[in-house]
Engineer: 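Once you've had a glance at the structure underneath, I'll fire off some questions.
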Amino acid sequence: DAKTTQPNSMESNEEEPVHLPCNHSTISGTDYIHWYRQLPSQGPEYVIHGLTSNVNNRMASLAIAEDRKSSTLILHRATLRDAAVYYCILSNAGKSTFGDGTTLTVKP
Amino acid sequence: EAQVTQNPRYLITVTGKKLTVTCSQNMNHEYMSWYRQDPGLGLRQIYYSMNVEVTDKGDVPEGYKVSRKEKRNFPLILESPSPNQTSLYFCASSLLRGEQFFGPGTRLTVL
């Protein structure tokens, strides 16, 4: 099964961009790359997803490497409310594999 | 309001006493999943369902059963709970390849 690898923690200053990396070297051709974030005592919240091309939405951008073995979630201007655990997930026809996540700390 | 509901939210039980955690979604989603989350770890998928009467094992299915008799409901059944099943459980639903909507979680303690 495909697995994802993320750094345990990252720090950012408020209003600066944040780049959260994820390695998924065993990704298959039909795996979608999803990102979720989780606040304490809450269920995960969807952030963004993509297959091959880079994606943008109101929350973030997703940059996918050409070989699809890695991806980067980009928060353009971190706010204190963005402090959370961010999970990179591979998803294929209902089967989803979570990594251990990156704890993002945002400093004012 | 579009949502995924789980019941109960908190449950303390004893080893071997069968229990069911219910999950219901009102978004007409085909896909539903159950996950468990242990302290300091990410979510691990227990079972998932692609539609009514279609279920498959996730990464950690041992000790759990599921059923999908109706599109909106996906109960998780622990026939004989053990202390190592003490965990936080999340149900989720989605359209094919779409974002997953997660329920609020069920905190289960097995003594």
Side-chain angles (χ1 to χ4, degrees), chain A residues 1-9 20 22-24 26-53 55 57-60 62 64 73 84-104, chain B residues 2-7 9-10 21 23 25 27 29-61 66 68 71 74 87-107:
Chain A
D1 289 336
K3 301 285 185 234
T4 63
T5 305
Q6 301 174 250
N8 287 334
S9 62
L20 298 167
C22 181
N23 287 319
H24 28 78
T26 58
I27 191 170
S28 73
T30 52
D31 283 332
Y32 277 73
I33 302 160
H34 287 236
W35 283 82
Y36 288 78
R37 68 183 186 183
Q38 186 177 27
L39 297 171
S41 302
Q42 294 187 21
E45 173 191 30
Y46 169 81
V47 178
I48 200 166
H49 77 282
L51 183 62
T52 56
S53 303
V55 183
N57 67 22
R58 64 175 180 81
M59 289 182 70
L62 175 60
I64 301 172
L73 177 70
V85 180
Y86 286 79
Y87 293 103
C88 169
I89 299 153
L90 300 182
S91 186
N92 186 354
K95 181 88 165 63
S96 291
T97 304
F98 277 65
D100 288 333
T102 297
T103 299
L104 176 65
Chain B
Q3 60 183 349
V4 177
T5 58
Q6 296 178 225
N7 283 292
R9 294 289 313 281
Y10 303 90
V21 184
C23 173
Q25 51 96 2
M27 295 167 279
H29 286 166
E30 289 85 8
Y31 286 82
M32 298 187 75
S33 289
W34 275 104
Y35 298 88
R36 62 177 289 172
Q37 185 173 31
D38 298 300
L41 299 180
L43 280 71
R44 292 179 291 170
Q45 193 176 42
I46 303 170
Y47 270 96
Y48 61 100
S49 169
M50 291 155 282
N51 216 320
V52 174
E53 304 292 3
V54 182
T55 63
D56 207 347
K57 297 178 180 178
D59 293 323
V60 289
V66 293
R68 188 94 182 270
K71 196 172 187 179
F74 190 45
S87 190
L88 179 60
Y89 291 87
F90 288 102
C91 180
S93 74
S94 70
L95 296 170
L96 175 63
R97 302 190 192 100
E99 65 177 282
Q100 293 190 62
F101 291 82
F102 285 82
T106 294
R107 191 169 292 281

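Hydrogens, waters and symmetry mates play no part in the numbers below; they use all other heavy atoms, side chains included.
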Engineer: Which atoms of B:Y47 come close to chain A, meaning under 4.5 Å heavy atom to heavy atom: side chain ones, backbone ones, both, or neither?
Structural biologist: neither
Engineer: Please name the pair of heavy atoms, one in A:P44 and one in B:L43, separated by the smallest distance, quoted to 0.1 Å.
Structural biologist: CG-CD2, 3.8 Å
Engineer: For the backbone of A:G94 and the side chain of B:Q45, can you confirm whether one donor and one acceptor N or O come within less than 3.5 Å of each other?
Structural biologist: yes
Engineer: What part of B:Q37 gets closer than 4.5 Å to chain A, counting heavy atoms only: side chain, backbone, both or neither?
Structural biologist: side chain
Engineer: Below 4.5 Å, heavy-atom pairs only: which of A:G101, A:G43, A:A93, A:G99 has the largest tally toward chain B?
Structural biologist: A:A93
Engineer: Determine, stepwise, if the pair B:F102 / A:Q42 fulfils side-chain contact (heavy atoms from CB on, under 4.5 Å).
Structural biologist: CA-CA 9 Å; B:F102 285 82; A:Q42 294 187 21; over 6 Å; no
Engineer: Minimum heavy-atom separation for A:K95 to B:Y48, with atom names?
Structural biologist: CD-CE2, 3.6 Å
Engineer: OG of B:S94 to NE2 of A:H49: how many Å apart, nearest 0.5 Å?
Structural biologist: 9.5 Å
Engineer: Check A:S96 against B:Q100 and note the closest heavy-atom contact, atom names and distance.
Structural biologist: OG-NE2, 3.1 Å
Engineer: So does A:F98 get a backbone contact from the side chain of B:Y35, meaning a donor-acceptor N/O pair under 3.5 Å?
Structural biologist: no
